[in-house]
Colleague: 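Starting off with a structure, shown below.
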Amino acid sequence: MLSGETMIKRIGTALGSAVLASVVFAVAPQEAVGTEYLQVAQSTEEIIKALELPPGAEEVDGLRRKGKTRGLSVEAAPAERPSMDFRIEFEFGSARLTPEAKMVLDNVGTALLSDRLSPYRFSIVGHTDAVGDEAYNMELSRARAEAVRNYLIARFGIDGERLETYGLGESKLLDPDNPEAAINRRVEVTNLGS
């Protein structure tokens, strides 16, 4: 017979593994998982905290504050902008979202509608691993970012003007030492300000 504490730890470990398969973001302290370093987002509140602008960011960042982000590349976004990398599952070689991906995006959509994030615009950037042709990966990453945007608009009624999409293919690998690793297949969401 297991003690209550042991039972809770085992259930927590099982739930943590299930969440880890769905959501990944590179923010703050990291948890080692094999050779990959990941942090698990377990709630909408954690997503809100990770994507919220730090106090005073709008005043300091005049370029963003004046709304001049239209047409700028993702490269121009300041590095201090809050962002999260999500492990969004797609059907193999396609931009079709899996049911697991929709569960992750339901938390993202809820977060984007929150009072703390609703004033802001976001970029949605698709990334792939290095398996396959570079041009194919670039197009696939764009299609996947667009699929995420379309889901958030259709499911949550988020204004499409708040969501910009880009595809970077395999050009910004999260784990360049393992270019074919699953951690490289992700969608990054960045707060662009108001």
Side-chain angles (χ1 to χ4, degrees), residues 12-44 46-47 49-51 72-109 111-112 122-152 155 163-192:
T13 300
L15 288 174
S17 297
V19 171
L20 181 59
S22 299
V23 182
V24 176
F25 66 96
V27 175
Q30 299 173 333
E31 175 183 325
V33 179
T35 58
E36 300 170 343
Y37 293 90
L38 313 173
Q39 176 145 355
V40 179
Q42 297 178 356
S43 70
T44 300
E46 287 179 342
I47 295 170
K49 285 181 182 178
L51 291 176
L72 289 180
S73 72
V74 174
E75 302 299 325
E80 68 275 0
R81 284 286 166 193
S83 68
M84 294 179 69
D85 284 326
F86 292 89
R87 175 81 188 275
I88 306 292
E89 300 289 332
F90 293 91
E91 291 185 10
F92 181 75
S94 83
R96 188 182 312 253
L97 295 165
T98 64
E100 294 80 14
K102 291 175 182 178
M103 287 174 31
V104 173
L105 291 175
D106 286 347
N107 282 342
V108 174
L112 295 183
F122 295 86
S123 68
I124 300 170
V125 182
H127 299 270
T128 65
D129 58 26
V131 175
D133 176 75
E134 187 175 332
Y136 173 79
N137 284 336
M138 182 64 76
E139 185 54 39
L140 183 60
S141 67
R142 285 185 190 129
R144 287 178 171 177
E146 194 64 29
V148 167
R149 178 182 184 271
N150 291 340
Y151 180 81
L152 293 171
R155 173 95 165 97
L163 305 173
E164 298 180 10
T165 60
Y166 304 91
L168 294 181
E170 60 190 73
S171 65
K172 300 276 185 184
L173 297 173
L174 196 58
D175 186 357
D177 294 333
N178 297 294
E180 297 181 2
I183 195 171
N184 295 308
R185 298 188 296 268
R186 66 200 194 281
V187 174
E188 181 181 16
V189 177
T190 301
N191 188 327
L192 298 177

Colleague: To the nearest 0.5 Å, tell me how far N150 CG sits from L163 CG.
Modeller: 9.5 Å
Colleague: Going through the distances and angles, do E146 and R149 end up as a salt bridge (charged side-chain N to carboxylate O under 4.0 Å, His left out)?
Modeller: CA-CA 5 Å; E146 194 64 29; R149 178 182 184 271; 3.5 Å; yes
Colleague: Looking at every non-hydrogen atom in both residues, tell me the closest pair between A50 and P82 and how far apart they are.
Modeller: O-CB, 3.1 Å
Colleague: Could you tell me whether the side chain of N184 reaches within less than 4.5 Å of the side chain of E170, counting heavy atoms only?
Modeller: no
Colleague: What is the distance from atom CZ of R185 to atom CD of E89, rounded to the nearest 0.5 Å?
Modeller: 7.5 Å
Colleague: What's the shortest heavy-atom distance between Y166 and A145, and which atoms?
Modeller: O-CB, 3.4 Å
Colleague: Could you tell me whether the side chain of S141 and the main chain of L168 form a donor-acceptor pair under 3.5 Å?
Modeller: yes
Colleague: Main chain of E91, side chain of R96: is a donor-acceptor contact present, judged purely on distance under 3.5 Å?
Modeller: no
Colleague: Supply the atom-to-atom distance N137 CG to H127 NE2, rounded to the nearest 0.5 angstrom.
Modeller: 12.5 Å
Colleague: Say you draw a straight line from CG of L112 to CD1 of I47; how long is it, rounded to the nearest 0.5 Å?
Modeller: 8.5 Å
Colleague: Find out whether T190 and V125 are in side-chain contact, i.e. whether some heavy atom of one side chain is under 4.5 Å from a heavy atom of the other.
Modeller: no
Colleague: Any non-hydrogen side-chain atom of V148 less than 4.5 Å from a side-chain atom of V189?
Modeller: no
Colleague: Looking only at heavy atoms, which two atoms of Y136 and G93 are closest? And how far apart?
Modeller: OH-O, 3.1 Å
Colleague: To the nearest 0.5 angstrom, please state how far the OG1 atom of T128 sits from the CZ atom of R186.
Modeller: 9.0 Å
Colleague: Are the side chain of Y151 and the backbone N or O of G109 linked by a donor-acceptor pair below 3.5 Å?
Modeller: no
Colleague: Are R142 and E139 within salt-bridge range, i.e. N to O under 4.0 Å?
Modeller: yes
Colleague: Calculate, to the nearest 0.5 Å, the distance between atoms CE and CG belonging to M103 and L97 respectively.
Modeller: 13.0 Å
Colleague: Taking S94's backbone N and O only, do any of them form a donor-acceptor pair with R144's side chain (distance below 3.5 Å, no angle check)?
Modeller: yes
